[in-house]
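Here it is, the structure in full.
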Amino acid sequence: MDKIQAATEKGRFITQPRLDTLTFGRDITIATSLYESLAVEGVPPRFATKLEALLGEFMEAPVEFSGSERIQLVWEEDRREDGSLVGPPRLNYAGLLDQAARIEVVWPVDKKGIVMLFKNEELLDTLQLPVFGARLTSRFGNRRHPVYGGVRPHNGIDLAAPYGTPVITTAPGRISFIGRQGGYGRVMEVEHDTGTISRYTHLSQFSPQFLVGDLVNAGEILGEVGTSGVATGPNLHYEVRVNDRPIDPMEQGRRIILGEQPTRLESLASLYEARGRLEQAMGISSIYDLISFNEP
């Protein structure tokens with residue numbers, strides 16, 4: 001493998017170190033808390049918050065870890081040749097083995113895709129909005145402005161949620177902006193394919209692990225709901241823009257960023273591929289070497 005890859009920028013010859021993408025897999029017994037158990041096994045502890053938030057939204061009943069459950073994880077890390085980490089690690093797969101049913105979450109590993117939750121190999125749900133449990137308070141289109149009055153275009157949707165609620169990215173991309181933008185307050189923007197960006201505004205704070213230029217996967221926590229900028233209460237103003245033109249996040253934006261909802265065959269293919277990545281990362285011939293799901 002070449003040690004460097006060359007690029008040119010404005011007539012200058014620059015070199016950048018090559019990156020290796022490493023895949024890791026773990027089979028973990030949760031002896032104490034989820035956070036502590038992940039840390040002991042060398043798993044990025046930040047995954048604990050992400051898993052609890054996602055599972056808490058997807059599951060009908062809260063997922064509680066009493067001290068004997070098992071969880072299987074697959075994640076990726078980008079590393080330089082000296083072994084240093086570049087950007088945040090990315091979860092690909094999580095499987096809960098000791099619930100009443102077999103629960104699995106699959107994150108997309110390519111540039112498009114959605115987060116999917118499976119129960120006994122049936123697709124239960126997909127992640128489509130950036131705030132869990134939020135109340136849609138304002139749709140896309142013309143509306144009477146709640147602060148300034150008068151009818152004005154509303155270029156996104158407003159999702160009301162308690163102050164500090166996690167705000168997550170709905171699809172893979174690259175962070176293109178972090179900072180303040182007038183009445184939007186604290187803003188993060190994620191650039192996706194074909195000139196599309198998603199914009200997350202009125203944040204109370206940003207997730208400190210991200211910088212402009214970092215790659216993010218679907219389901220990453222970007223920050224928290226707040227009231228920065230011009231806002232009448234804690235909410236997320238969420239926009240999707242194509243070539244800087246706003247489109248409805250609930251309709252065209254969802255299709256452009258997330259694509260069509262997967263068929264059963266497509267979702268199962270993603271699930272089996274994720275299981276295969278677990279087997280390869282852990283050096284086993286089958287996940288059934290680890291557990292029999294038919295045991296009482």
Side-chain angles (χ1 to χ4, degrees), residues 49-50 53-54 57 88 114-115 127-258:
T49 301
K50 184 174 181 178
L54 280 170
E57 173 65 15
I114 56 179
V115 181
L127 174 63
Q128 300 186 49
L129 288 177
V131 179
F132 295 140
R135 180 169 53 93
L136 178 64
T137 57
S138 187
R139 293 184 176 273
F140 179 86
N142 291 333
R143 66 163 185 177
R144 181 170 296 279
H145 196 281
V147 175
Y148 299 123
V151 176
R152 303 185 180 197
H154 188 231
N155 292 332
I157 59 174
D158 291 344
L159 299 167
Y163 196 95
T165 300
V167 173
I168 61 177
T169 183
T170 52
R174 184 184 301 272
I175 294 177
S176 56
F177 180 86
I178 301 175
R180 299 188 72 98
Q181 291 185 15
Y184 282 141
R186 294 185 183 88
V187 175
M188 288 188 74
E189 293 179 355
V190 177
E191 183 178 358
H192 309 285
D193 289 345
T194 62
T196 303
I197 69 164
S198 53
R199 177 179 290 167
Y200 310 79
T201 81
H202 300 319
L203 301 177
S204 60
Q205 63 178 3
F206 306 119
S207 293
Q209 68 266 27
F210 290 126
L211 299 173
V212 171
D214 283 348
L215 294 173
V216 290
N217 206 345
E220 296 284 356
I221 297 175
L222 299 177
E224 296 179 358
V225 168
T227 56
S228 61
V230 179
T232 58
N235 79 101
L236 174 77
H237 173 79
Y238 173 59
E239 293 185 11
V240 176
R241 305 179 77 91
V242 178
N243 297 324
D244 205 33
R245 179 179 64 85
I247 61 175
D248 188 347
M250 299 291 287
E251 295 182 6
Q252 308 103 302
R254 182 177 296 179
R255 290 194 298 271
I256 290 172
I257 291 182
L258 300 177

If you look at every heavy atom in Ile175 and Ile178, which pair is closest and at what distance?
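That closest heavy-atom pairing would be CG2-CG1, 3.7 Å.
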Is a side-chain N or O of His202 found less than 3.5 angstrom from the main chain of Tyr184, in a donor-acceptor match?
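Flag set: sc His202 to bb Tyr184 pair under 3.5 Å.
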For Ser176 and Glu191, work out which heavy atoms get closest and say how close.
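Closest pair (atom of Ser176, atom of Glu191, distance): OG-N, 3.9 Å.
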Heavy-atom donor-acceptor pair, Thr227 side chain to Pro234 backbone, under 3.5 Å
no
Which residues pass the side-chain hydrogen bond (donor to acceptor under 3.5 Å, both in side chains) test with His237, sequence neighbours left out?
His154, Asp158, Glu239
Give me the atom names and distance for the closest heavy-atom approach of Ala161 to Ala134.
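Here Ala161 and Ala134 meet closest at CB-CB, 4.3 Å.
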Criterion side chain to side chain contact (heavy atoms under 4.5 Å, CB included) against Met188, the qualifying member of Val216, Val212, Leu203, Val167:
Leu203
Please round to the nearest 0.5 Å and tell me the distance separating atom CD of Glu220 and atom OG1 of Thr169.
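Glu220 CD to Thr169 OG1: 8.5 Å, rounded to 0.5 Å.
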Do the side chain of Arg174 and the main chain of Gly213 share a donor and acceptor less than 3.5 angstrom apart?
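Judged by distance alone, yes, a pair lies under 3.5 Å.
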For the atom pair CG (Asp214) and OG (Ser207), what is the distance rounded to the nearest 0.5 Å?
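Asp214 CG to Ser207 OG: 11.5 Å, rounded to 0.5 Å.
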Could you report the tightest heavy-atom contact between Pro130 and Leu236, atom names first, then the distance?
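For Pro130 and Leu236, the tightest heavy-atom pair comes out as CG-CD2, 3.5 Å.
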Calculate, to the nearest 0.5 Å, the distance between atoms CZ and OG1 belonging to Arg186 and Thr201 respectively.
12.0 Å
Answer yes or no: is there a side-chain heavy-atom contact under 4.5 Å between Ile168 and Val115?
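Ile168 vs Val115: side chains apart.
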Taking only residues two or more places apart in sequence, or in another chain, which ones meet Leu129 in a side chain to side chain contact (heavy atoms under 4.5 Å, CB included)?
Ile157, Met250, Arg254
Could you walk me through whether Arg199 and Gln181 pass the side chain to side chain contact (heavy atoms under 4.5 Å, CB included) check?
CA-CA 11 Å; Arg199 177 179 290 167; Gln181 291 185 15; 4.1 Å; yes
Quick check: closest heavy atoms across Asp244 and Pro246, and the distance to 0.1 Å?
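It is O-CD, 3.8 Å.
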Between Val242 and Ile247, the two heavy atoms sitting closest are CG2-CD1, 3.6 Å
Look up atom CD1 in Ile221 and atom CD in Gln209, then write down how far apart they are to the nearest 0.5 Å.
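Going from CD1 on Ile221 over to CD on Gln209, the span is 8.0 Å.
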Using ring pair (Phe, Tyr, Trp, His ring centres under 6.0 Å) as the criterion, point out the one residue from Phe206, Tyr238, Phe210 that pairs with Tyr200.
Tyr238
OG1-CD distance between Thr165 and Glu224, expressed to the nearest 0.5 angstrom
8.0 Å
Residue Arg180 excluded, over 12 heavy atoms near CZ under 6.0 Å:
yes
